[in-house]
Amino acid sequence: MTAVPTTSAQGDRGAARVPVRRLTVLYDADCALCAFVRNWLVRQPQLVPLEPVAAGSAEAAARFPGLDHRATLEEITVVGDGGQVYRGAAAWIVTLWALREHRPLAHRLSTPAGAKLAKGAVLAAAKWRGARREEAGRGVARRKETGWGGRVYYAADGWSFDPQHGWTYTPPPTPPSCADGSCSTD
């Protein structure tokens, strides 16, 4: 796993040779998938402490003035305490490496064959995020989302679940129009 050299005021401090004792994960706080992964990461037992920080935030800009913060919103970026900067598949791998239960997986993903799989996962996540942005750009109205980005179905909207038949939709009754002034006010 190689680090992308940082361009901070401190310069490259030999990031490839510096031990990693803490990692900052820059994530898109406006992305449901990213927020879900962030919440999952903080619940995992960590061998190397992970600190999530919203990408593009004032905190991220103050802590990492040498980073292209627009790029951190497009591609997962992880910054090590020694100046290491990981992007894309390398960022996912180093994040898994920091987790006790997932370090063996990180080692497998750091091989040439595993790196292809990690890159595929990153591209799939990017495609999903891109589709969500297109929906938002077209003004697709969205109700409250679950942590992973799927829809929530509310009984008040007419949805019900039967274990034998699955989800069914019955439109809720239309409230009477009060345009003629005949609505009750009690």
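We number each residue from 1, following the sequence as shown.
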Value for CD (Glu75) from CG (Asp68), rounded to nearest 0.5 Å, stands at 10.5 Å
Closest non-hydrogen contact found for Thr111 with Arg108 is OG1-O, 2.8 Å
For Val42 and Pro52, the nearest pair of non-hydrogen atoms, with its separation, is CG1-CG, 3.7 Å
Compare all side-chain heavy atoms of Gln44 with those of Arg100 and state whether any distance is below 4.5 angstrom.
-> no
On a heavy-atom basis, the closest approach of Leu23 and Val94 is CD1-O, 3.7 Å
- request: Would you kindly confirm whether Leu47 and Leu96 end up in one hydrophobic cluster when ILVMFWY residues are joined by side chain heavy atoms under 4.5 Å apart?
  value: no
When rounded to the nearest 0.5 Å, the distance separating CG of Leu26 from CD1 of Ile76 is 8.5 Å
Side chains of Tyr27 and Val37: does their closest heavy-atom pair fall under 4.5 Å? no
### Message
Tell me whether Asp81 contacts the main-chain N or O of Arg21 through its side chain, where contact means a donor paired with an acceptor under 3.5 Å.
### Response
yes
(message) Measuring only between side-chain heavy atoms, which start at C-beta, is His102 closer than 4.5 Å to Leu109?
(response) no
What one should report as the nearest heavy-atom pair of Leu73 and Ala55 is CD2-O, 3.4 Å
Closest non-hydrogen atoms of Trp97 and Arg103, given as atom of the first, atom of the second and distance, are O-NE, 2.7 Å
Self-check item: Electrostatic pair Glu59-Arg63, nearest N-O below 4.0 angstrom
Solution: yes
Flag side-chain contact, heavy atom, 4.5 Å: Val53 against Val25:
no
dist Thr24:OG1 -> Phe64:CZ (nearest 0.5 Å) comes out at 4.0 Å
Exercise. Taking the side chain as every heavy atom from C-beta outward, state whether Arg38 and Leu41 have any pair of such atoms under 4.5 Å apart.
Key: no
Heavy-atom side-chain proximity of Leu99 to Glu101 below 4.5 angstrom:
no
Interatomic distance, OG@Ser110 vs CG@Leu105, rounded to 0.5 Å, equals 9.5 Å
When rounded to the nearest 0.5 Å, the distance separating OH of Tyr86 from OG1 of Thr95 is 10.0 Å
Minimal heavy-atom distance between Arg22 and Pro49, with the atoms involved, is NH1-CB, 2.9 Å
